[in-house]
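Throughout, a chain's letter reflects where its sequence line sits, starting with A, and its residues are numbered from 1.
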2 protein chains.
Amino acid sequence: MELTARQQEIYDYILAYRRGNGCSPSIPEIQRHFGIRSPNGVAGHLHALESKGVIRLSSRGSRRIDVPADPAPGARVTSLPVFGAIPAGPPQAVAPAAAEGDAWLDETLLGFRPKPASFLLKVRGDSMKDAGILDGDLVLVEPNPAPRAGQIVAALIDGESTLKRLVKLRGAWFLKAENPAYPELHPRADLVIQGVVRTVIRRMN
Amino acid sequence: MELTARQQEIYDYILAYRRGNGCSPSIPEIQRHFGIRSPNGVAGHLHALESKGVIRLSSRGSRRIDVPADPAPGARVTSLPVFGAIPAGPPQAVAPAAAEGDAWLDETLLGFRPKPASFLLKVRGDSMKDAGILDGDLVLVEPNPAPRAGQIVAALIDGESTLKRLVKLRGAWFLKAENPAYPELHPRADLVIQGVVRTVIRRMN
DNA sequence: TTCAAAAGTGTAAATAATTACAGTATGGAG
DNA sequence: CTCCATACTGTAATTATTTACACTTTTGAA
């Protein structure tokens with residue numbers, strides 16, 4: 001069932017209001033915006049929109065217009081800590097104080113919801129330049145207990161922390177830079193994978 | 001002036017609520033969450049928080065707790081169209097219908113507020129691989145009437161649309177791929193710059 | 001001990017938002 | 001022309017929310 005022109009206007013206003021304010025408008029606010037002098041004028045539209053399934057007026061209270069197709073903007077956004085260097089030590093032990101700050105990411109853009117322990121890392125050096133990861137880039141690292149060969153990982157190798165591609169050759173795991181100037185890293189002792197790079201972000205000016 | 005432990009709890013709850021719902025809680029909601037039986041119990045905290053400057057109770061109406069340090073999550077987020085190829089023709093003439101979809105970007109992450117006519121472009125080909133822009137990447141292109149030499153731009157050159165670095169040599173502008181396998185592009189006729197690449201985003205799996 | 005700040009309870013009043021009900025006007029479809 | 005959906009007006013009642021006022025309890029410093 002299609003929306004009428006007026007219903008579309010009301011619906012668009014609700015979406016625009018939510019975009020600017022984070023929550024839905026109250027009926028009096030819709031009244032003022034459209035110059036409708038009776039709250040019932042608006043209520044009629046809201047009931048029509050509800051019966052057509054584009055909004056929901058479920059709970060009691062104020063500002064309770066729900067838009068199933070438009071989750072609260074805040075609900076899609078996640079805050080992740082930004083680290084200037086790969087934090088040493090096991091990921092669980094990373095003190096939040098070591099973070100340089102926070103950045104907000106929208107799930108719609110990422111295409112997935114980052115796990116709670118994910119973090120952003122400011123890349124230093126050009127050892128991954130042939131994989132398109134340059135100095136200054138921001139990478140989203142997500143903890144992954146079972147990384148696959150070929151993935152780019154943040155790893156602790158013999159106590160040193162690096163961003164490298166994970167490779168498996170004849171049963172042995174090692175790390176490979178994506179820059180011919182850097183050698184392969186074969187772990188002498190332990191190889192601790194802190195997480196897998198899921199997203200690369202570069203700001204330019 | 002520091003917050004007391006209880007005030008901090010209330011403040012944290014307000015922030016968490018805003019994160020999940022996009023707008024601030026009402027006083028009864030705060031009451032229920034903390035088991036406070038009088039609305040005045042909450043109002044006292046709100047006035048304390050206001051006098052300490054962390055919230056504002058400016059206007060009349062419901063759910064009117066403003067948090068200056070935490071703008072409405074939705075207000076920071078912008079929707080941009082995603083194009084599968086650089087749209088041909090002058091940027092103004094691009095039909096919105098040509099977009100493949102929309103993606104949401106958070107200004108905190110980008111570090112700037114994209115101009116309204118900005119768009120996202122899905123990169124095809126590896127002509128910019130030495131600049132760290134690979135096939136499948138998403139780039140944010142912002143219209144810029146005065147691009148500078150050295151910037152990476154989306155351009156129409158002799159009717160063809162491409163992503164290249166803008167170079168100026170002895171007064172002449174031309175476009176340069178960041179891949180030795182590609183030739184420089186010297187405009188025969190017109191060189192129309194559609195916009196400057198401000199951000200590169202790569203999703204991995 | 002005395003005092004003041006912090007954190008409440010309890011009640012009432014004022015304001016805001018929602019819902020309900022009885023209408024009116026207009027523009028098609030039949 | 002009649003009927004019906006749409007889009008309202010106007011008013012009142014109901015429910016939510018905010019604000020105000022008087023008072024209590026606890027805690028920690030002077």
Measure from CG on A:L46 to P on D:dT6 and round the result to the nearest Å.
-> 15 Å
Value in whole Å for how far the C1' atom of C:dA7 lies from CZ of B:F34 = 13 Å
Please work out which residues in residues 3-18 of chain A have a non-hydrogen atom less than 4.0 Å from an atom of DNA chain D and list them by number.
-> A:T4, A:R6, A:Q7
Distance, nearest 0.5 Å, that separates CZ of B:R64 from CD1 of B:I27 = 7.0 Å
From CD1 of B:I30 across to C1' of C:dT9 the rounded distance in Å is 18 Å
Do other residues, nucleotides or ligands put more than 12 heavy atoms under 6.0 Å from the CZ atom of B:R6?
-> yes
Give me the distances for all protein-to-nucleotides 16-19 of chain C N/O pairs that come in under 3.5 Å?
unit_1, atom_1, unit_2, atom_2, d
C:dT18, OP1, A:R63, N, 2.9
C:dT18, OP2, A:I27, N, 2.6
C:dT18, O3', A:R64, NH2, 3.2
C:dT19, OP1, A:R64, NE, 3.4
C:dT19, OP1, A:R64, NH2, 2.3
C:dT19, OP2, A:R64, NH2, 2.4

Report the residues that fulfil ring-ring contact (aromatic ring centres under 6.0 Å, His included) with A:H47, sequence neighbours left out, ordered by chain and then residue number.
-> none
Sorted by chain and number, sequence neighbours left out, side-chain contact (heavy atoms from CB on, under 4.5 Å) with B:T108 holds for A:W104, B:R76, B:D106
What is the distance, rounded to the nearest whole Å, between atom CD1 of B:I36 and atom P of C:dT9?
-> 7 Å
Walk me through it: do B:L138 and B:L121 pass the test side chain to side chain contact (heavy atoms under 4.5 Å, CB included)?
-> CA-CA 5 Å; B:L138 222 49; B:L121 179 67; over 6 Å; no
Check: D:dG10 base within 3.5 Å donor-acceptor of A:S38 side chain | yes
Nearest-0.5 Å distance, CD1 of residue B:I65 to CD1 of residue B:I14 | 4.0 Å
Sequence neighbours excluded, every pair satisfying salt bridge (charged side-chain N to carboxylate O under 4.0 Å, His left out) that has a member inside residues 145-155 of chain A | none
All side-chain contact (heavy atoms from CB on, under 4.5 Å) counterparts of B:V54, not counting sequence neighbours = B:L3, B:Y11, B:L49
